[in-house]
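A short write-up of the structure that comes next.
As the structure is a computational prediction, the values presented were derived from the model and not from experiment. Remember, it's 1-based here, ligands and their atoms both numbered in the order they're listed. The figures here come from the full heavy-atom set of this structure, side chains too, leaving out hydrogens, waters and symmetry mates.
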Amino acid sequence: MTEPLNVFDYEALAAERLDPGPLGYFDGGAGDEHTLRWNVEAFAHWRLRPRVLVDVEACSPATSVLGQEVSLPVLVAPFAYQRVLHPDGEPALARAVEAAGSIMCLSTFASATVEEVADTGVMRWFQLYAFRDLGVRRAVVDRARAAGYSALVLTVDTPVLGRRERDFRTGFEVPAEITVPMAGHGAVTPLETSKLLSASVTWRDVEQLTADFGLPVVLKGIQTGEDARLACEHGAAAIVVSNHGGRQLDRVAATVDVLEEVVEAVDGRLEVLIDGGIRRGVDVVTALALGARAALIGRPAAWGLAVGGEAGARQVLELLRAEIELALRLVGCTSATDVPRDRVARQDR
Ligand SMILES: Cc1cc2nc3c(=O)[nH]c(=O)nc-3n(C[C@H](O)[C@H](O)[C@H](O)COP(=O)(O)O)c2cc1C
């Protein structure tokens with residue numbers, strides 16, 4: 001292959017580089033992987049409606065999320081065990097995100113410490129799973145807060161872990177030398193991590209989390225208007241429309257197809273973000289038109305990291321930035337903060 005030109009090129013290069021175990025873990029989804037595929041495919045069922053003869057000479061992909069200025073409307077989603085992809089792991093991705101001027105969400109199951117990532121100077125949020133043990137939760141959040149993480153991203157789609165059959169087939173295990181400091185563990189398999197999670201977490205815990213730590217709480221994994229309304233009522237600062245990249249409940253709808261329902265339910269009361277299947281700048285612009293404040297990428301960042309460490313991840317973000325700018329201009333918009341709803345229409349399948 002010549003220079004990778006887009007995220008799909010990075011996907012192919014990462015697939016060549018990774019062994020079957022890690023490849024299945026990072027690329028795979030739950031069950032028959034319908035939702036994994038739908039997340040990507042669904043974007044192409046939204047048609048762009050460009051307006052012409054608009055002066056788009058000046059055009060900015062910058063926006064703000066929870067009051068933080070970002071230079072493009074793409075954040076990096078939390079994903080586990082980044083040292084499995086590249087020896088430089090989370091700190092390398094953090095440097096790439098910092099250089100791109102965006103926000104990194106660090107996973108609870110990161111293979112680096114919160115301090116190592118904080119030392120890169122990146123704008124950072126900390127992703128939290130609902131731990132069974134409240135003492136562990138407090139210790140983990142206190143440490144992240146002390147290291148300057150400015151929001152808590154509570155993942156709410158994982159009371160139990162989805163069944164990812166690729167991992168059973170390959171017998172994927174995190175290599176023994178890779179540790180997961182925040183979970184207080186040495187090497188843990190993905191299945192072992194699930195034993196740490198609480199399946200009895202409820203809306204009361206969301207209120208508790210907000211009250212206990214004084215940080216904005218972002219709920220990641222909202223997929224219905226009903227839950228979006230409850231999120232507003234229980235003090236969330238933002239929500240991420242997400243199905244965990246198709247890794248939890250197979251056959252839930254593609255995230256872009258539930259985005260509008262969520263945006264309407266929220267009615268401006270909090271910021272709505274989206275992840276799942278974002279591979280192109282036009283995907284991001286579609287999400288913005290449907291009312292998302294910004295989008296998050298998981299696997300694209302993973303592929304960039306696997307292929308070229310910090311530089312690879314940086315390149316993925318820059319490719320997306322260029323695609324977003326191009327799409328904004330060609331759809332007749334000059335800012336990522338102002339993409340009207342009428343710039344997209346749903347095409348019946
Ligand atoms: C390998 C992998 C590990 C993940 N680990 C976490 C995690 O630790 N915490 C979390 O909240 N989400 C996790 N996610 C979900 C991502 O945050 C995100 O929702 C998803 O990757 C978005 O879809 P995309 O990969 O199509 O961009 C993980 C996703 C992948 C692919």
List the residues meeting salt bridge (Lys or Arg N to Asp or Glu O under 4.0 Å) with E233, not counting sequence neighbours, and say none if there are none.
none
Taking only residues two or more places apart in sequence or in another chain, which ones pass side chain to side chain donor-acceptor pair (under 3.5 Å) with R145?
D142
Remaining members of hydrophobic cluster (4.5 Å side-chain criterion), V56
V54
Lys/Arg-Asp/Glu bridge criterion (N-O < 4.0 Å) met for E207, R204:
no
For ligand 1, the residues whose heavy atoms come within less than 4.0 Å (ordered by chain, then number):
Y25, F26, A77, P78, F79, A80, S107, Q127, Y129, T155, K220, S242, H244, G245, R247, D275, G276, G277, R279, I297, G298, R299, P300
Given the ring of F131, does R137 sit roughly above its face, with NZ or CZ under 6.0 Å from the centre of the six-membered ring and within 45° of the axis?
no
Any salt bridge linking R329 with E325? Criterion: basic side-chain nitrogen under 4.0 Å from a carboxylate oxygen.
yes
